[in-house]
Every structure is written in C-alpha cells, then in structure tokens.
Colleague: 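Dropping a structure here in structure tokens format, bear with me for questions.
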Amino acid sequence: MEKLQMNIAFADISLARQGALAVLVTEGTTLRGVAAELDGKLGGALKRAMKAADFTGKAGTVLELVGPQGVPASRVLLAGLGKSGDVSAAGLEKVGGELAGRLEKTTETALSIVLDGIAAPKLPAGEAAARVAFGAKLRSYRFDKYKTKKKDDKGQGLKSLTILSRAAAAARKEYAPLSQVAAGMFLTRDLVNEPANILYPREFARRVRALSKLGVKVEVLGEAQMKKLGMGSLLGVGHGSQHESQLVVMRWTGGKASEKPVAFVGKGVCFDTGGISLKPAAGMEDMKGDMGGAACVAGLMHTLAARKAKVNAVGVIGLVENMPDGKAQRPGDIVTSMSGQTIEVINTDAEGRLVLADALWYTQNRFKPKFMIDLATLTGAIMIALGKEYAGLFSNDDKLAKQLSDVGEIEGEKVWRMPMGPAFDKMIDSRFADMKNVGGRDGGSITAAQFLQRFVNNVPWAHLDIAGTAMASPQTATNQSWGSGWGVRLLNRLVADHYER
Ligand code: BES
Ligand code: MN
Ligand code: ZN
C-alpha cells in the first residue's frame with residue numbers, strides 16, 4: 001500500500017529551521033524564552049501580530065505569520081495551550097494534531113514545533129514533547145488508497161515533523177512506545193475503513209498473519225475445525241455467506257511462561273446485512289465496519305508486540321459475514337453453541353452475540369485468562385443510551401470495570417458502566433431453547449450483554465459495546481478517519497498500568 005509517511009524527529013531547540021516553525025505558548029503571559037528570542041529576530045512582528053489579532057494563547061487558537069523576515073522559516077506560528085496549570089497530555093496531542101492538520105492545507109512539507117519550558121503539572125518535558133508528536137502522528141493518518149486522483153488540495157502533506165525541546169533525548173524515549181500505539185491504531189483504522197468486498201474473513205485473517213513478523217503467534221481456524229469444536233452459534237451466522245468464516249487466535253508472550261494471559265475477544269462481522277432479518281438500505285454501507293471489535297483486538301496485539309510489552313496476551317476474533325441467502329439461517333432456527341447451550345435465533349440481525357458466544361467460550365476454556373475483555377459493535381441501542389462520546393461497559397467484576405473507567409479518562413477513550421442483573425437476564429429466556437438471541441427493544445444493549453454473560457464462567461469479564469465509538473465518529477484534531485481506531489489506546493494503557501510486570 002502506498003502511504004504517505006510523516007517522518008518524526010526530536011532535536012534541541014534552534015530557530016534556524018526552514019519550513020514552518022511553530023512555538024507553543026501558554027495563555028496570558030508575555031512572550032518568554034525562545035518565543036521572545038524569536039520575536040526579537042522578527043523585529044517585534046510577533047508582538048504586533050498578537051495585539052492586532054487579539055491572540056492571547058487560549059487553547060486551540062493559532063496565530064500565523066506567513067513569509068516573515070529575519071528567520072529562515074517560511075512561516076511562523078504561535079499555538080495557544082491555554083492556562084499553564086491546565087496543560088495536559090490530551091491538550092498537547094490536540095495542538096500537535098491541529099498544527100499538522102492546518103499545514104496539510106498549505107504547500108509546506110516540513111514543520112518544527114518548539115516546546116520551551118512547557119511542562120504540564122505532573123508531565124515531564126520529555127513526555128510533553130512526545131505527546132505533541134503523537135497527536136500530529138494520529139492526525140497524519142490517511143485512507144486514500146482507492147482515490148485514483150491524488151490530492152485535490154495544494155500540498156502533498158507534511159513529510160517531516162521535528163519537535164524541538166531541551167528534553168529531546170527523553171522525548172525520543174517516551175515517543176517510541178507511543179509510535180507503536182499509533183501503528184496499532186492505524187492498523188485498526190485501515191481494517192475498519194476497508195470495504196467488505198476487499199476485507200472478508202479470509203483476507204482479514206491474512207492481514208492478521210502479518211503480525212507474526214512482530215513475534216505474535218497466529219493460528220487460523222476454518223469452518224471444518226470450528227465445526228469439530230461445536231461452534232454452532234458462530235457458524236450459523238456465516239451460513240448464508242460465500243466467504244468461509246474464520247476464527248483467528250493471536251498470542252503474544254512477553255511475560256513469564258507460567259503467567260496466565262490477559263485475553264481480548266473481538267466481534268468481526270466483516271459485513272452485516274442483517275441476514276434474513278434484513279436491514280433497511282439507508283446507511284447499510286456502514287456495516288462494513290461491523291468488525292470494529294476484531295480490528296481493535298488486532299491493532300492492540302500489534303501495539304503490545306511491537307513495544308514488547310511484558311505481558312502474556314491473547315487475542316481471539318470471530319470473522320464472519322452475515323448475508324441473506326438460500327442457505328442462510330432463519331428466524332426461529334435453533335443452534336447449539338460450543339458451551340452446549342442452545343439458542344433460538346429470533347432475529348438474524350442480532351448476530352454479533354452469536355459470534356462472541358463461541359469465541360468467549362473457546363477463549364476462557366483454552367487459555368484460562370486472568371480476565372477477558374470483549375469488544376463489539378454490538379447494538380444500535382448503545383448509541384441511543386450514550387451517543388458517540390462513551391462506549392458501553394458491562395462487567396461482572398468491579399475492579400476490572402474501575403480500571404477500565406480510569407484509563408479511559410486518562411486516554412480520552414471514555415467508557416460508561418451499564419447495569420446488569422437477573423431481571424434483564426430473564427428477558428432472553430426462550431420458549432423452545434435455553435435462550436433466545438434478542439430480548440426486545442427495552443434495554444437492548446443490556447440484554448445483549450446478558451446474553452454474552454451466559455457464555456462466561458468464573459473469570460473477570462468486561463464487554464465494551466463500541467457501536468458508537470469504533471466508526472463514523474466525529475472528526476477531531478487527532479482523528480479525521482471514519483474508522484477511529486478506538487480501544488487500542490485504552491487497552492494498551494490498561495495493560496501498561498495494571499498488568500505488566
Ligand atoms: N452491527 C449491529 C449494531 C450496529 C448498529 C452497529 C449500528 C453499528 C451501528 C448489530 O449486529 C445489530 O444489528 N444489532 C441490532 C440488534 C437487534 C436486532 C436486537 C440492533 O442494534 O438493532
Ligand atoms: Mn446485526
Ligand atoms: Zn452486527
């Protein structure tokens with residue numbers, strides 16, 4: 001795949017830079033340090049422009065001088081960070097993303113960003129610099145492989161970004177794992193953005209196999225193997241498809257051999273037509289992203305392996321295509337899951353839970369994990385409940401739930417815990433089988449979670465309903481992509497903060 005790569009470097013502070021030169025400033029104070037020195041070289045043009053444009057350094061504001069005299073730079077920018085006490089990692093990422101995005105629309109190909117004496121509370125200068133780079137990197141993502149007419153705008157995008165800081169060496173060290181978080185997120189974004197005629201179950205599995213380069217052990221199970229294992233629930237979903245269903249197992253062993261792994265399980269419905277319970281036409285194209293959970297698990301495994309995380313982790317993804325066809329399963333059909341429990345398929349569009357039922361059962365029995373977290377674009381109802389700002393969190397374990405909520409706040413990938421309980425569980429009892437796959441409109445995301453829980457034994461488990469966050473998310477300074485890459489940061493941080501030795 002031909003991809004525009006932005007090269008990122010860290011260096012000591014210098015004003016002798018070509019291309020665009022940006023200086024980050026906090027709100028209110030007069031120009032100090034390097035900013036003051038720069039203003040001197042520019043004959044006071046910065047101060048005059050600040051006054052004329054009423055630029056005070058508020059967060060999100062940028063002042064731009066084009067073609068200045070006195071420095072080699074073709075353009076000088078001041079970017080506001082807001083009050084110095086409020087500067088955060090997230091704020092710095094945002095500024096990095098905003099500056100990169102702004103220059104993409106120009107003919108500039110190089111950008112230098114100066115951080116002089118900017119350190120957020122509890123954020124060392126090295127990490128602050130790394131976060132700016134991380135934000136710009138996330139912004140630089142593009143998915144334009146199917147555009148044969150390249151670039152209608154003026155520039156070709158930024159080719160190089162240099163972060164100038166007195167803590168350049170520390171920044172370089174901090175940035176190394178972050179660049180692998182970005183790489184994992186980009187893999188997730190790519191997979192979600194790909195159309196379903198290209199990314200069907202086998203092709204998805206093929207792409208995951210590439211993780212073996214990083215030391216991830218990848219196994220792919222086809223339909224015959226899954227049939228032997230008794231995965232009638234997962235297999236029923238793929239019955240109407242021309243594409244063979246796949247179960248992919250990824251293993252990263254960065255911890256002690258004896259240590260139990262942490263496990264991540266993803267819904268990978270490469271396209272969800274609804275099956276015989278066919279979806280309406282409007283917006284159905286979005287269902288190419290119904291493998292967002294699986295894509296997140298693949299991206300996360302990339303990140304963990306590439307940064308050599310000191311943890312044992314497994315990723316299991318169920319890859320299917322949900323199609324209507326003469327062979328497709330029907331409403332009223334009863335399937336037998338690997339657990340032995342029978343399921344009456346009332347609605348073939350409630351297919352994600354059928355896939356996860358067998359994937360969860362397989363994962364807990366084979367790997368006996370420390371915990372199991374599944375991710376799924378499971379219900380439209382979660383968007384009715386939480387919008388696109390929060391993913392739904394369902395869990396049988398308060399500690400794991402709290403850890404997820406906390407890292408979500410830190411990483412800006414927020415989760416909101418939803419209730420569960422016997423009253424909801426009763427709603428999926430079936431007249432003919434052990435359970436049915438829908439519980440009615442009321443509490444639709446919760447009954448879906450209750451269904452999943454029937455396939456979880458005594459293991460700490462969390463389910464993240466990412467229907468609102470994995471795709472079609474609002475565009476931000478650090479994400480312009482349809483597939484957001486949501487979840488990689490969250491789970492990487494969960495592992496880093498709580499499960500690495
Ligand atoms: N993949 C959908 C959920 C979805 C909807 C994800 C919109 C992203 C955007 C899921 O398979 C589905 O169809 N769920 C049904 C469940 C219903 C039949 C009980 C839904 O949410 O309507
Ligand atoms: Mn569906
Ligand atoms: Zn679906």
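Heads up: numbering here begins at 1 and tracks the sequence. Counting starts at 1 for both ligands and their atoms, following the listed order.
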Colleague: Just say parallel, tilted or perpendicular for the rings of F451 and F455, cut-offs at 30° and 60°.
Modeller: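 Correct class here is tilted.
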Colleague: Could R189 and F143 be counted as a cation-pi pair, given that NZ or CZ must be under 6.0 Å from the ring centre and within 45° of the axis?
Modeller: no
Colleague: Can you tell me if, anywhere in D349, an N/O/S atom lies at a distance from the Zn ion (ligand 3) that is smaller than 2.8 Å?
Modeller: no
Colleague: Where the Mn ion (ligand 2) is the centre, what is the OE1-to-OD2 angle for E351 and D272, rounded to 10°?
Modeller: 100°
Colleague: Mind checking what residues have non-hydrogen atoms under 4.0 angstrom from ligand 1?
Modeller: K267, D272, K279, M287, D290, N347, D349, E351, R353, T377, L378, T379, G380, M383, V438, A467, M471
Colleague: Judged by atom type as modelled, is there a donor-acceptor pair below 3.5 Å linking the side chain of R142 to the main-chain atoms of S140?
Modeller: yes
Colleague: Rounding to 10°, state the angle centred on the Zn ion (ligand 3) that links NZ in K267 with OD2 in D272.
Modeller: 170°
Colleague: Can you tell which of T348, N322, T377 makes a side-chain hydrogen bond (donor to acceptor under 3.5 Å, both in side chains) with D272?
Modeller: N322
Colleague: Is the distance from the ring center of F371 to that of F264 below 6.0 Å?
Modeller: yes
Colleague: Return the name of the atom in D290, of element N, O or S, nearest to the Zn ion (ligand 3).
Modeller: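 It is OD2, the N, O or S atom of D290 closest to the Zn ion (ligand 3).
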Colleague: Whether the side chain of E321 engages the backbone of V269 through a donor-acceptor N/O pair (distance < 3.5 Å, no angle test) should be reported.
Modeller: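 A pair under 3.5 Å: no.
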Colleague: Just checking, is any N or O donor in the side chain of D190 or Y141 under 3.5 Å from an acceptor N or O on the other one?
Modeller: yes
Colleague: What verdict does the side-chain hydrogen bond (donor to acceptor under 3.5 Å, both in side chains) test give for D434 and T342, after you've listed the backbone C-alpha separation in whole Å, the side-chain angles of each residue and the deciding distance to 0.1 Å?
Modeller: CA-CA 5 Å; D434 295 335; T342 56; 3.2 Å; yes
Colleague: What atom name does the N, O or S atom of E351 nearest to the Zn ion (ligand 3) carry?
Modeller: OE2
